[in-house]
A.B. asks: 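Structure provided below as structure tokens; questions to follow.
Letters A, B, ... are given to chains in the order of the sequence lines, protein chains preceding strands, and every chain is numbered from 1.
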Number of protein chains: 2
Amino acid sequence: MGSSSLFLDTVTNKVDAKGRVSLPSDYRAILKNLSTDVVCYRSLTSPCIEGCTEDLLEKLAANMESSMDFFSNEQDELTNLIFGDAKRFPFDSTGRIVLSEKLLKHAQISDTAVFIGKGRKFQIWSPENWEKEEQRIRQAVLQKRPQLFLNNKGDN
Amino acid sequence: MGSSSLFLDTVTNKVDAKGRVSLPSDYRAILKNLSTDVVCYRSLTSPCIEGCTEDLLEKLAANMESSMDFFSNEQDELTNLIFGDAKRFPFDSTGRIVLSEKLLKHAQISDTAVFIGKGRKFQIWSPENWEKEEQRIRQAVLQKRPQLFLNNKGDN
DNA sequence: TTGATTCCCATAAAATCCCATGCTATACCA
DNA sequence: TGGTATAGCATGGGATTTTATGGGAATCAA
């Protein structure tokens, strides 16, 4: 059955006064499966929170080691940004994580969070920002590749 | 879950008159997990303290022995510099380490220390220096290659 | 002794756990 | 088919445990 490890779907959950949000249960299943934790960080390019498995970051770290870049400058800068901003968010027995002030502020989230599956990653948006973003994406897609829709009529 | 060994996040702690600082609890968990100590040394390139597990230095040493060509002489020298400067910093029962005058001075830290996770390593900065450094890095990285940031393909 | 270093205890604040409740979707049965 | 039982889930609130940090006693070195 569903032993996939892709973050999918769009789920809207409440954020309470303590910053607690239920992680979508599908996501939790993935994490249990891989026995890893979620890691979240501020998106570099959008007003949203980004998340992935700790696994993924481990791979990143391993890559950097094997490239023997213990002293490299460029890698240093990158790692500062990624690992310095990322934080583990283990979920409790009721399936919730506690988002930090820093993250909530960056994503302008007050009491509602929208989880957007993105495959290996996912994002967390405020409802308002996500609505705008979705519009923007849809338009961008339409403008860039109208042929996408002309060619594949039947299968969607 | 969390059996990972990545240093993450950014944590600000106080340094008291004796030079004592609480090591971030996540870091302590990692060290317990690997049953190894932290090792700290002066960064070769920045006004900050650098730290990692003793483990990692072991691996570095092993690499130097086994691969003749892989490491340049230059890197060998750098590594030796680090070994000469590095010192073990075991944490006490309340989770604190005692930073030496030498390290504090190099990082210009007086009464506040900022821990920056870097994956296999971490850094300790003064709040002022870190603020500047973060700005600098963000700009540098965004200009150079924003697409590098964990975006495997086109999913952002 | 004097100065420094290490250990131990105390406390407030913050993070985490635990239980209770209501809701939803699915399974089951008549 | 329709109606009900059941399991899983989201969410609220309070209790409990960790954590950060200050101060002092004990140990060690010169």
A.B. asks: B:Phe91: what forms a ring-ring contact (aromatic ring centres under 6.0 Å, His included) with it, not counting sequence neighbours?
C.D. replies: none

A.B. asks: Looking at the side chain of A:Arg20, which of C:dC17, D:dG22, C:dT6 is the nearest nucleotide?
C.D. replies: C:dC17

A.B. asks: Does D:dA10 have OP1 or OP2 under 4.0 Å away from a side-chain N or O of A:Arg28?
C.D. replies: yes

A.B. asks: Between A:Leu23 and A:Phe89, is there shared hydrophobic-cluster membership here, with clusters defined by ILVMFWY side-chain heavy atoms closer than 4.5 Å?
C.D. replies: yes

A.B. asks: Would you kindly give the CG-to-C1' distance between B:Asp92 and D:dT27, to the nearest whole Å?
C.D. replies: 15 Å

A.B. asks: Within a strict 4.5 Å, meaning less than it, do heavy atoms of the A:Lys14 and A:Ser22 side chains meet?
C.D. replies: no

A.B. asks: What is the distance, to the nearest angstrom, from the CD1 atom on B:Ile97 to the C1' atom on C:dT6?
C.D. replies: 15 Å

A.B. asks: Which nucleotide sits closest to the side chain of B:Ser25: D:dA20, D:dC9, D:dT11?
C.D. replies: D:dA20

A.B. asks: Rounded to whole angstrom units, what separation is found between the CG atom of A:Asp111 and the P atom of D:dG12?
C.D. replies: 9 Å

A.B. asks: Could you state the CZ-C1' distance from A:Arg96 to D:dG8, rounded to the nearest angstrom?
C.D. replies: 15 Å

A.B. asks: Whether the side chain of A:Lys18 and the base of D:dG12 hold a donor-acceptor pair under 3.5 Å is what I'd like checked.
C.D. replies: no

A.B. asks: Show me the pairs that pass salt bridge (Lys or Arg N to Asp or Glu O under 4.0 Å) and involve residues 82-104 of chain B, at least two apart or across chains.
C.D. replies: B:Arg42-B:Asp85, B:Glu54-B:Arg88, B:Asp85-B:Lys102

A.B. asks: Which whole-number value in Å describes the distance from B:Asn13 CG to D:dG22 P?
C.D. replies: 10 Å

A.B. asks: Could you tell me the separation between the OH atom of B:Tyr27 and the P atom of D:dT19, rounded to a whole number of Å?
C.D. replies: 15 Å

A.B. asks: Rounding to a whole Å, what distance do you find between B:Phe91:CZ and C:dT6:P?
C.D. replies: 15 Å

A.B. asks: When the nearest nucleotide of DNA chain D is assigned to A:Pro24 and to B:Asp16 on a heavy-atom basis, which residue is associated with the more 5' position?
C.D. replies: A:Pro24

A.B. asks: State which of C:dC7, D:dA10, D:dT21 makes the closest approach to the side chain of B:Thr94.
C.D. replies: D:dT21

A.B. asks: Can you measure A:Lys14 atom NZ to C:dT21 atom C1' for me and round it to whole angstrom units?
C.D. replies: 15 Å

A.B. asks: I'd like to know whether the aromatic ring centres of B:Tyr27 and B:Phe7 sit less than 6.0 Å apart in this structure.
C.D. replies: yes

A.B. asks: To the side chain of B:Ser22, which of D:dG12, D:dT19, D:dT21 is closest?
C.D. replies: D:dT21

